[in-house]
K.L.:
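Next up is a structure, given as structure tokens.
Lettering of chains follows the sequences in order, A, B, ..., and the numbering in each one begins at 1. Just the heavy atoms: all of them, side chains too, but no hydrogens, waters or symmetry mates, feed the values below.
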Number of protein chains: 2
Amino acid sequence: MNETSYHHGDLRTAMIEKGMEMINEGGLKNLSLRKLAAACGVSHAAPYSHFSGKDDLFAAIQNHITDKFVIVLNEAIKNSSETSDGLFHMGCNYVLFFVRNPKYFSFLFSRANIYLDLTGESGGYEPFAIYKKLMHQLFAETQYPEELWLKTILSHWAFVHGLASVVTMSGADTIKEWEDIIPDLLANNYFLQ
Amino acid sequence: MNETSYHHGDLRTAMIEKGMEMINEGGLKNLSLRKLAAACGVSHAAPYSHFSGKDDLFAAIQNHITDKFVIVLNEAIKNSSETSDGLFHMGCNYVLFFVRNPKYFSFLFSRANIYLDLTGESGGYEPFAIYKKLMHQLFAETQYPEELWLKTILSHWAFVHGLASVVTMSGADTIKEWEDIIPDLLANNYFLQ
DNA sequence: ACTTCATCTTGACATTGTAAAGATATCATG
DNA sequence: CATGATATCTTTACAATGTCAAGATGAAGT
């Protein structure tokens, strides 16, 4: 199935991966369904055989990026013997994922289709669910007082997610020290009082 | 200058305020320059006498929201006698502004035109600059070790900004307890270790 | 070889952003 | 008050975009 054939072969994957490329290069505003189709060498209506529309296409790209993000998060658990160590590394991996892919941040979190389930043990937006589950595990191990669970989860996640936000808004690509700063900030408590 | 006259009278302000309304109602994706113009009772090209284009118009709306945001932040200083108290209240006001205006968050921070100046004493994105300046003041008062300034600012801002993000992603309008939770989270340290 | 079906193309249309040219009212100046 | 300059708005036009419908193509199975 070469590039001159009538049928593309794997247009769905091609659209998603080309979409990720073009988001990383020119951002979102200059990316249209038709340009993406052209970049894949198909006509402007071809994507409609694989996606119900533009929203569906971009949601698929979002899911694909989220999948990679989830993989990076889960790597933190594998490489850690203790749970508390895993939480630290998951925080690092969380932020550093966006240090290495700055454009992904606003794309992932500005589409207003993400729901953070605060109450349950699982469900909701997967990266948050993973983080939450790991903290629950740590809470159980250390017999952390249950009335503080939600507050502690909120604090930790907000801090980590906020750091990712800061990184992308202060020139992630221009600051090379992030890889040293982030673990420092997560390991030590630099809050006043 | 009534609504039937050829000249609107204050189209620029009308576009900005109507734009804020429509963002709060239907979000961004359903808002076009032409719809906004129609909602203001003018032709679709009328806005071009006040804005250079769509980007300029939306930047003006963004600036207007930011102005209101800055006012809310500065109120924290007036109502506080001590600097540390002001910092606490500014954090509260920061997050609660988005509890009360959930749609503003993604609109403000997803336009990729915000730059956080980490190094200087002022300049850059104003809400961040205000927060940073207040912390510098507190550092000076308490003779806080200078090598920790940047790390402490990063931690505090990331936490506060992350909380605002969490709030908007977990249904700001459905959870009425935020106004009690946020001050609690900011006043007490619920981080592990 | 024939049929079936997924995939792709072509053509069309409404919406949108933008620019140019002209219409209208406001305002300063005499 | 008259007049011309200027700001503001309308009309018209065009290219880009998202979407749909109808038809073309070829792959896979019978």
K.L.:
To check you understand the geometry: which heavy-atom pair defines the closest contact between B:Val95 and B:Ile182, and what is its length?
P.N.:
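What the structure gives for the nearest pair is CG1-CD1, 3.6 Å.
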
K.L.:
Between D:dT17 atom P and A:Asp55 atom CG, what is the distance in whole Å?
P.N.:
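About 17 Å, once rounded to whole Å.
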
K.L.:
Is a salt bridge present between B:Arg100 and B:Glu179, judged by a nitrogen-to-oxygen distance below 4.0 Å?
P.N.:
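Salt bridge flag = yes for B:Glu179 with B:Arg100.
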
K.L.:
Given the side-chain rings of A:Phe159 and B:Phe191, with only the six-membered ring counted for Trp, is the space between their centroids under 6.0 Å?
P.N.:
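Yes: the rings meet the under 6.0 Å criterion.
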
K.L.:
Is it the case that the ring center of A:Tyr94 lies less than 6.0 angstrom away from the ring center of A:Phe69?
P.N.:
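Ring centres of A:Tyr94 and A:Phe69 closer than 6.0 Å.
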
K.L.:
Do A:Thr152 and A:Trp157 come close enough that some side-chain heavy atom pair is under 4.5 Å?
P.N.:
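The answer is no; the side chains never approach within 4.5 Å.
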
K.L.:
In whole angstrom, what separates B:Leu36's CG from C:dG17's P?
P.N.:
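Distance check: B:Leu36 CG to C:dG17 P gives 9 Å.
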
K.L.:
Pick the closest DNA chain D nucleotide for B:His50 and for A:Ala45 by heavy atoms, then say which residue is nearer the 5' end.
P.N.:
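Result of the comparison: B:His50.
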
K.L.:
Taking the six-membered ring for Trp, are B:Phe139 and B:Tyr144 parallel (under 30°), tilted (30 to 60°) or perpendicular (over 60°)?
P.N.:
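B:Phe139 and B:Tyr144: parallel rings.
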
K.L.:
Could you tell me the separation between the CG atom of B:Leu11 and the P atom of D:dC9, rounded to a whole number of Å?
P.N.:
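After rounding, the reported distance stands at 5 Å.
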
K.L.:
A:Asp56 CG to D:dG18 P: how many Å, rounded?
P.N.:
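After rounding, the reported distance stands at 14 Å.
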
K.L.:
If the condition is side-chain hydrogen bond (donor to acceptor under 3.5 Å, both in side chains), which residues does A:Ser110 pass it with, not counting sequence neighbours?
P.N.:
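Per chain and number, A:Ser110 pairs via side-chain hydrogen bond (donor to acceptor under 3.5 Å, both in side chains) with no residue.
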
K.L.:
Take the protein atom NE2 of A:His8 and the nucleotide atom P of C:dT9, then report the distance between them rounded to whole Å.
P.N.:
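These atoms are roughly 10 Å apart.
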
K.L.:
Is any side-chain N or O of A:Ser49 closer than 4.0 Å to OP1 or OP2 of C:dT7?
P.N.:
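For C:dT7, neither OP1 nor OP2 has a side-chain N or O of A:Ser49 closer than 4.0 Å.
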
K.L.:
Would the A:Phe105 and A:His161 ring centres measure less than 6.0 Å apart?
P.N.:
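They qualify: ring centres under 6.0 Å apart.
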
K.L.:
Provide, to the nearest angstrom, the distance between the OH atom belonging to A:Tyr48 and the P atom belonging to C:dT10.
P.N.:
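That distance rounds to 17 Å.
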
K.L.:
Between the protein and nucleotides 12-16 of chain C, list every N/O to N/O distance that falls short of 3.5 Å.
P.N.:
{"from": "C:dT16", "atom 1": "OP1", "to": "B:Lys35", "atom 2": "NZ", "distance (Å)": "3.4"}

K.L.:
What is the distance, to the nearest angstrom, from the CZ atom on A:Phe51 to the C1' atom on D:dC20?
P.N.:
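Going from CZ in A:Phe51 over to C1' in D:dC20 covers 18 Å.
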
K.L.:
Measure from CG on A:Leu57 to C1' on D:dG18 and round the result to the nearest Å.
P.N.:
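After rounding, the gap between these two atoms is 12 Å.
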
K.L.:
Look at the rings of B:Phe107 and B:Phe58 and say which category their plane angle falls in: under 30° parallel, 30 to 60° tilted, over 60° perpendicular.
P.N.:
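Rings of B:Phe107 and B:Phe58: tilted, as their planes differ by 30° to 60°.
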
K.L.:
Could you run down the sub-3.5 Å N/O contacts of the protein with nucleotides 22-25 of chain D?
P.N.:
{"from": "D:dA24", "atom 1": "N3", "to": "A:Tyr6", "atom 2": "OH", "distance (Å)": "3.1"}

